[in-house]
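Working notes, beginning with the structure itself.
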Amino acid sequence: MLQRVETAIAARRPPANLDDWHENLNTVPHVASGDEVSLARSKPEVLLDLAGNFGLTVPASAATHGVWFTDATSTIPGAAGLRPLLEGSPVSTINLFRRTSQQPVPSQISSAAVDGKFLAARNTWFLEEKSVALILRELRRCARDRKPGQGREGALFVSPAAPSARELIRYLSGVMAAVVGRATDELAQRLRLRPGMFHLRIEREGSLLRFAPEDGEATRPDDNSYYADPFLLERDGEKWCLFERYDYAERHGSIWAGRLEGDRVVEIRSAIDPGYHLSFPVPIEHGGELFVMPESCAMRRLEIWRCVSFPDQWELHATALEDSMIADSALLELDGEWWIFANMASDPFGDVSSELHLYRTSGPDLAWVEPHRLNPVVFDSRMARNAGRIHRIGDALYRPAQDNSHGTYGYGLRIMKIETVGRDEYRERSTRHVLPDFDPGVIGIHHVDRLGDQVIFDVRERMGGAA
């Protein structure tokens with residue numbers, strides 16, 4: 001009953017476009033799930049069970065690599081999305097398992113983690129949509145390696161259970177609290193109290209691996225806006241900062257610039273404002289010119305802007321990945337090859353915080369863009385989204401990453417050490433985790449950059465105060 005009500009109110013799925021399906025339906029062989037003879041004759045490498053039966057109704061022996069299934073779909077409506085909410089998990093996980101005739105107990109192939117929705121029906125729908133990207137990636141990996149991936153050793157499959165009456169009461173209480181919280185934020189925004197406001201902090205002598213967020217000197221806007229996504233650069237012997245200024249009234253961001261004077265940002269002015277949302281202005285110096293790659297997901301594409309006259313005259317230089325929901329991208333030249341580290345949405349929810357995608361490209365002109373074979377190379381909302389540009393420290397590369405968990409955008413910050421970047425592989429590991437526990441009223445820290453010994457980062461507050 002609860003699932004039907006939530007689905008009708010807040011999780012009604014749009015009708016699917018079945019034109020391509022109907023066009024190709026007659027070319028797809030129809031085989032009953034229990035017809036082992038016909039299944040064996042077709043010689044499938046993998047059988048997918050997407051009906052929520054966890055591979056129990058399909059003969060695992062019929063496919064070379066067994067039958068695959070996820071725990072994102074269940075025969076109990078809404079159970080997959082409800083369970084992490086009841087357990088108070090900071091993220092919702094998706095696990096891909098397989099059964100084989102030799103190993104009937106499911107073994108994990110891979111997993112993903114996303115910052116879930118607060119309604120069980122929406123969370124279930126969200127997990128089902130995100131599981132598509134996980135399955136496709138692991139199919140590509142299996143095709144490359146000629147065998148399925150191996151997930152965490154000892155990971156057990158647990159079928160999502162139906163909630164008890166007590167759990168339902170606890171869940172409904174949580175939903176009401178979330179609704180009240182959202183209404184409070186909306187009211188606070190109308191009152192110009194700047195809920196969830198970001199501001200900048202600068203530590204004059206620090207490092208990416210050891211900066212102390214509680215010691216930074218703050219730069220806060222005094223109007224109805226916030227400052228976020230700061231990047232440092234040097235121009236004509238002076239240090240400057242490019243950052244996002246978000247206007248609460250207009251509800252979109254633009255790129256602003258300010259000069260650093262000690263540990264303060266001064267002479268703040270508008271730099272790039274094309275009339276649509278821009279943020280995350282990664283500076284790129286190449287061929288004697290200065291470019292920025294801002295987030296331009298409002299235009300559903302990747303953009304590069306070229307500096308005509310610093311700091312406030314820029315022109316659109318190149319675009320790529322048209323009709324893609326793409327956020328917080330970073331461009332890196334490594335051993336003569338250019339790589340784009342991009343956060344892409346592969347679902348109708350537009351979630352750009354769970355998946356890190358890699359692309360090779362020609363450089364700032366974006367003449368061609370080639371996706372990595374195993375995208376998304378990172379599939380975890382606690383470390384997928386970029387939180388700044390990639391830095392070389394000694395012989396090592398470090399990628400700042402957002403921790404988008406606990407139902408809070410920009411909850412925390414991780415520093416990921418990149419171990420391997422290649423056309424067919426990518427590996428990294430977390431070396432530092434910064435949590436929002438360093439000052440009263442702080443609910444997040446989600447971006448960091450450095451230039452020499454100077455470190456700049458942004459901090460998120462529950463309420464920024466009246467503007």
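Judged purely by atom type and a 3.5 angstrom limit, Gln402 has no side-chain atom pairing as donor or acceptor with the backbone of Arg385. Proximity of a side-chain donor or acceptor of His406 to a complementary backbone N or O of Thr408 within less than 3.5 Å is not detected. At least one donor-acceptor pair closer than 3.5 Å links the side chain of Thr431 to the backbone N or O of Ile415. Without hydrogens or angle criteria, Ser354 side chain to Phe379 main chain gives no donor-acceptor distance under 3.5 Å. At least one donor-acceptor pair closer than 3.5 Å links the side chain of Ser89 to the backbone N or O of Val91. Proximity of a side-chain donor or acceptor of Ser131 to a complementary backbone N or O of Ala72 within less than 3.5 Å is not detected.
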For this session: Output, in order, the C-alpha distance, side-chain angles, deciding distance and verdict of side-chain contact (heavy atoms from CB on, under 4.5 Å) for Ile202 and Arg264.
Result: CA-CA 7 Å; Ile202 297 176; Arg264 298 282 297 168; over 6 Å; no
For this session: Evaluate the criterion side-chain contact (heavy atoms from CB on, under 4.5 Å) for residue pair Ser110 and Leu134; output intermediate values, then yes/no.
Result: CA-CA 8 Å; Ser110 188; Leu134 180 63; 3.8 Å; yes
Exercise. Step by step, would you call Val292 with Leu242 a side-chain contact (heavy atoms from CB on, under 4.5 Å)?
Worked result: CA-CA 9 Å; Val292 295; Leu242 295 173; 3.6 Å; yes
Problem set entry | Residues Arg13, Glu128; criterion salt bridge (charged side-chain N to carboxylate O under 4.0 Å, His left out); working and verdict | CA-CA 12 Å; Arg13 308 188 187 196; Glu128 290 176 353; 2.8 Å; yes
For this session: Would you please test Ile284 and Met293 for side-chain contact (heavy atoms from CB on, under 4.5 Å) and show each step?
Result: CA-CA 8 Å; Ile284 305 152; Met293 176 186 280; 4.0 Å; yes
For this session: Decide side-chain hydrogen bond (donor to acceptor under 3.5 Å, both in side chains) for Asp263 and Gln454; before the verdict, give the C-alpha distance in whole Å, the side-chain angles of both, and the deciding distance to 0.1 Å.
Result: CA-CA 8 Å; Asp263 49 13; Gln454 204 154 31; over 6 Å; no
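Residues satisfying the side-chain contact (heavy atoms from CB on, under 4.5 Å) criterion with Asp215, sequence neighbours excluded, are Ala212. Legend: residues meeting side chain to side chain donor-acceptor pair (under 3.5 Å) with Ser362, ordered by chain and number and at least two apart, are Asp365.
To the nearest 0.5 Å, atoms CE (Met176) and CZ (Phe118) are separated by 10.0 Å. In this structure, CH2 on Trp339 lies 8.0 Å from CG on Leu334, to the nearest 0.5 angstrom.
Salt-bridge annotation for Arg141 and Glu138: present, with a side-chain N of the basic residue lying under 4.0 Å from a carboxylate O of the acidic one. Note on Glu186 versus Arg190: salt bridge recorded, some NZ/NE/NH1/NH2 to OD/OE distance being below 4.0 Å. A salt bridge links Lys130 to Asp351: one of the charged nitrogens lies within less than 4.0 Å of a carboxylate oxygen. Salt-bridge annotation for Arg201 and Glu203: absent, with no side-chain N of the basic residue lying under 4.0 Å from a carboxylate O of the acidic one. Using a cut-off of 4.0 Å between Lys/Arg side-chain N and Asp/Glu carboxylate O, Arg140 and Asp145 are scored as not salt-bridged. We find that Glu337 and Arg360 are joined by a salt bridge, their nearest charged nitrogen and carboxylate oxygen being less than 4.0 Å apart. Taking the charged nitrogens against the carboxylate oxygens, Arg194 and Asp185 have no contact shorter than 4.0 Å, which rules out a salt bridge. Using a 4.0 Å cut-off between a side-chain N of Lys or Arg and a carboxylate O of Asp or Glu, Glu261 and Arg259 qualify as a salt bridge. Residues Arg389 and Asp449 are paired through a salt bridge, judged by an N-O separation under 4.0 Å between the basic side chain and the carboxylate. A salt bridge does not link Glu428 to Lys417: none of the charged side-chain nitrogens sits closer than 4.0 Å to a carboxylate oxygen. One finds a salt bridge joining Asp247 and Arg245 here, because a Lys/Arg side-chain nitrogen approaches an Asp/Glu carboxylate oxygen to under 4.0 Å. The pair Glu322-Arg300 does not count as a salt bridge, with every side-chain nitrogen at least 4.0 angstrom from each carboxylate oxygen.
Checking Arg460, Met463, Met197, Glu461 one by one against Ile443, the side-chain contact (heavy atoms from CB on, under 4.5 Å) holds for a single residue, Arg460.
For the pair Asp115 and Gly407, the tightest heavy-atom approach, listed with the atom from each and the gap, is OD1-N, 3.0 Å. Across every non-hydrogen atom of Leu119 and Leu85, the tightest pair is C-CD1, 4.0 Å. Nearest approach of Pro400 to Leu208, heavy atoms of both residues: CG-CD1, 4.4 Å. Heavy-atom minimum distance, Gly253 versus His277: N-ND1, 2.8 Å. What you find for Gly422 and His372 is that their closest heavy atoms are O-NE2, 2.8 Å. Heavy atoms only, all atoms of each residue included: Leu82 and Pro163 are closest at CD2-CG, 3.4 Å.
Side-chain N/O atoms of His357 and Asn343 include no donor and acceptor closer than 3.5 Å. A donor atom on one side chain and an acceptor atom on the other are found under 3.5 Å apart for Ser346 and Glu355. One side chain, Ser92 or Asn123, offers a donor N or O that lies under 3.5 Å from an acceptor on the other. Judged by distance alone, the side chains of Asp71 and Asn95 do bring a donor and an acceptor atom under 3.5 Å apart. Between the side chains of Ser430 and Arg382, no donor N or O sits under 3.5 Å from an acceptor N or O. A donor atom on one side chain and an acceptor atom on the other are found under 3.5 Å apart for Arg399 and Asn386. Checked by atom type, the side-chain pair Glu370/Trp368 shows no donor-acceptor distance below 3.5 Å.
At least one side-chain heavy atom of Trp305 sits less than 4.5 Å from a side-chain heavy atom of Pro274. Proximity of Pro283 to Leu290: side-chain heavy atoms (C-beta onward) are separated by under 4.5 Å at one or more points. Proximity of Cys241 to Ile456: side-chain heavy atoms (C-beta onward) are separated by under 4.5 Å at one or more points. Residues Tyr426 and Thr420 have side chains not in contact (no heavy-atom distance under 4.5 Å, counting atoms from C-beta outward). For the pair Tyr359 and Leu321, the minimum side-chain heavy-atom distance is below 4.5 Å. Between Leu50 and Ile135, the closest side-chain pair of non-hydrogen atoms falls below 4.5 Å. At a threshold of 4.5 Å between non-hydrogen side-chain atoms, the residues Leu278 and Ser254 do not count as touching. At a threshold of 4.5 Å between non-hydrogen side-chain atoms, the residues Met383 and Val378 count as touching.
Taking the ring centroids of His391 and Tyr398, they lie at or beyond the 6.0 Å cut-off.
Using a 30° and 60° split on the angle between ring planes, Phe291 and His317 fall in the tilted class, from 30° to 60°.
Each ring-ring contact (aromatic ring centres under 6.0 Å, His included) pair with one or both residues in residues 198-244, not counting sequence neighbours, appears once here: Phe198-Tyr226, Phe198-His446, Phe211-Phe457, Tyr226-Tyr246, Tyr226-Tyr248, Tyr227-Phe243, Phe231-Phe280, Phe231-His447, Trp240-Phe310.
Summarising the local packing, CZ of Arg170 is surrounded by more than 12 heavy atoms from other residues, nucleotides or ligands at distances under 6.0 Å. By the 6.0 Å contact criterion, CD on Glu289 is enclosed, its count of non-hydrogen atoms from other residues, nucleotides or ligands being greater than 12.
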